[in-house]
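Everything below concerns the one structure shown next.
Chain naming here is simple, since letters A, B, ... match the order of the sequence lines and numbering starts at 1 in each. Predicted model, so just to flag it, every value in this text is computed and none were measured. Note that these values count all heavy atoms, side chains included, but never hydrogens, waters or copies made by symmetry.
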2 protein chains.
Amino acid sequence: MLPPYHRLEEFVPLTPAETRIAEGWTSSKRSVKRHHIIRREGDQVAGVFFLLAGWVGSSVMLRDGRRQIVKVHLPGDMLGFPSLSLVHAGETLEALTDAVICPIPNAAIGKLLMDNPRLATGLFLSTQKERVALMQKLSWLGATSALERMVAFLLDLYDRAKSSGLAKENRFEVPLTQQQLGELLGLTAVHVNRTLKRLDSSGLLERRKALVRLIDIEGLQKMTANIPPCFAHHDAWVRLGSPSSDA
Amino acid sequence: MLPPYHRLEEFVPLTPAETRIAEGWTSSKRSVKRHHIIRREGDQVAGVFFLLAGWVGSSVMLRDGRRQIVKVHLPGDMLGFPSLSLVHAGETLEALTDAVICPIPNAAIGKLLMDNPRLATGLFLSTQKERVALMQKLSWLGATSALERMVAFLLDLYDRAKSSGLAKENRFEVPLTQQQLGELLGLTAVHVNRTLKRLDSSGLLERRKALVRLIDIEGLQKMTANIPPCFAHHDAWVRLGSPSSDA
DNA sequence: CGTTCCATTGACGAAGCTCAAAAAAAGTGG
DNA sequence: CCACTTTTTTTGAGCTTCGTCAATGGAACG
């Protein structure tokens, strides 16, 4: 559905040749079922993945079995990049729905970094974007209430679902159990439930199974204390000197 | 003190020429006083910084004035990279002690990414390492108690201080106010104080002003539920195909 | 059609927050 | 170096949010 160069192209305009390289990554597809562990924390790092379809959660375990879901990935996302810096994977990748992934071996990433500076720059900047997203999430967990966190998460997810073509008319699927929502937001499943109840009785949104409809987006936005960051897209490329186009 | 290629060299062995490029970054030094805002959230992104000496905090603001300190930077760290993907900086950089920074303009980063794939790869991997660190921190905030968080932070800081040469004999400075510690760990200053009191009365560590001495490191480690990640260093380079050394 | 997972609800407890005030420390200008 | 102000640390009392434990009903799935 979404092209694999989607994320790379966000910051750096790609040449047709580069687009073809990125498309090549989808040559090997792997379908995984809901709940399937794509890669477990501690496994060897054989490469990264491009998420073609479905939802994947990335999580970190603690010794006593607690875990923190770090990110919910949507189609078009790259999975597993942080672990490239590790001997053993630092995150567990788990399919939250049936999904299709494209494995990209380490060597392909190495080759890209060495041989194609424009793709590499795109990758680099999209990685920085992920870092900003993580910083935002850290501020949710550290400085906001259960309700604010939940709303911030749903709004963020809605935005991302829209740009992946997964939301229509303020309506989108959230295929996470309340247990998983809790692991994502740093709450217990019980408290997630109460928070959701409170939200739909507020009339700002409506839940029907996994389907969420945002009724009053502005009202919801007022509930969060977030300052949403504004991403640079191709501006970043220009700012970095857009070396090959200028020189 | 610490060379600017310290972080780049961690994952990718650098040639003498590359080392010289990185050293060039320190040509312009800027001294800043404690509490000085190096760059405020929302400012134009003119470049990044290399931290030569001193401590710098990087934080994210919420609309109502709350803030989350995202990272405490030590000498040798690169500052401000996430904001390269943004139109306006997404993080405030504040000197926690008197510090010396080297501004690196956008164009220099652009040039590096385009012209020097080995340096770029080193930068890329060290960025992924930061992402892993953020994921860890997210799991502290989402899944652990005040005490665990405090201990995890102090142990992490101790490790980093050691490798920056800032710790001797289990002793190191923590130049953060308890207010700031709270903003870092998602606690109130009051609760930070109670947690610290509880820690020193446990006998596992000792505080004297800003000086902390870890008395029983193993005991402290047992208090955290962390699974500390093991970083790849030059292995990552080999795994990615170490293109220029092999081919 | 039973088994298992998931959502929901209630009662209770605890970790951490708020408010307030005092003591200690650190700057600051003379 | 001394008075003065400001910041930081410390402590107490009461309260809120969220967690724990436990039980029930509903949905999904073989």
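Phosphate contact (OP1/OP2 of D:dT10, side-chain N/O of B:Arg207, threshold under 4.0 Å): present. Within the 4.0 Å cut-off from OP1 or OP2 of D:dT9, not a single side-chain nitrogen or oxygen of B:Lys197 is found. Side-chain nitrogen and oxygen atoms of B:Gln179 include none within less than 4.0 Å of the OP1 or OP2 phosphate oxygen of D:dT8. Phosphate contact (OP1/OP2 of D:dA28, side-chain N/O of A:Lys209, threshold under 4.0 Å): present. The shortest distance between the side-chain N/O atoms of A:Thr177 and the OP1/OP2 oxygens of C:dC6 is not below 4.0 Å.
Along DNA chain D, the nucleotide nearest B:Arg194 and the nucleotide nearest A:Val190 are compared for position; the residue whose nucleotide lies closer to the 5' end is B:Arg194.
Side-chain N or O atoms of A:Ser85 include none that pairs as donor or acceptor with a backbone N or O of B:Ser126 at under 3.5 Å.
Comment: B:Lys137 does not engage B:Asp156 in a salt bridge, judged by the lack of any side-chain N to carboxylate O separation of less than 4.0 angstrom.
To the nearest angstrom, P of C:dA25 lies 15 Å from CG of B:Leu211. A:Leu141 places its CG atom 16 Å from the C1' atom of C:dG16, with the value rounded to the nearest Å. The CD atom of A:Gln180 sits 12 Å away from the C1' atom of C:dC5 (whole-angstrom rounding). Atom pair B:Glu148:CD and C:dA15:P shows a separation of 12 Å (rounding to whole Å applied). Rounded to an integer number of Å, the gap from CZ of B:Arg208 to P of D:dT9 is 17 Å. The NE2 atom of B:His191 sits 21 Å away from the P atom of C:dA20 (whole-angstrom rounding). Distance, B:Asn193 CG to C:dA25 C1': 14 Å, rounded to whole Å. Note: NE2 (A:His35) to C1' (D:dA28) measures 11 Å, nearest angstrom.
If you run side-chain contact (heavy atoms from CB on, under 4.5 Å) between B:Val151 and each of B:Leu205, B:Asn226, B:Thr224, only B:Thr224 comes through.
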Side-chain donor-acceptor pairs under 3.5 Å in residues 186-195 of chain B, sequence neighbours left out?
unit_1, atom_1, unit_2, atom_2, d
B:Thr188, OG1, B:His191, N, 3.2
B:Asn193, ND2, B:Gln178, OE1, 2.8
B:Thr195, OG1, B:His191, O, 2.7

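Looking at heavy-atom distances under 4.0 Å, A:Gly182 makes no contact with the nucleic acid at all.
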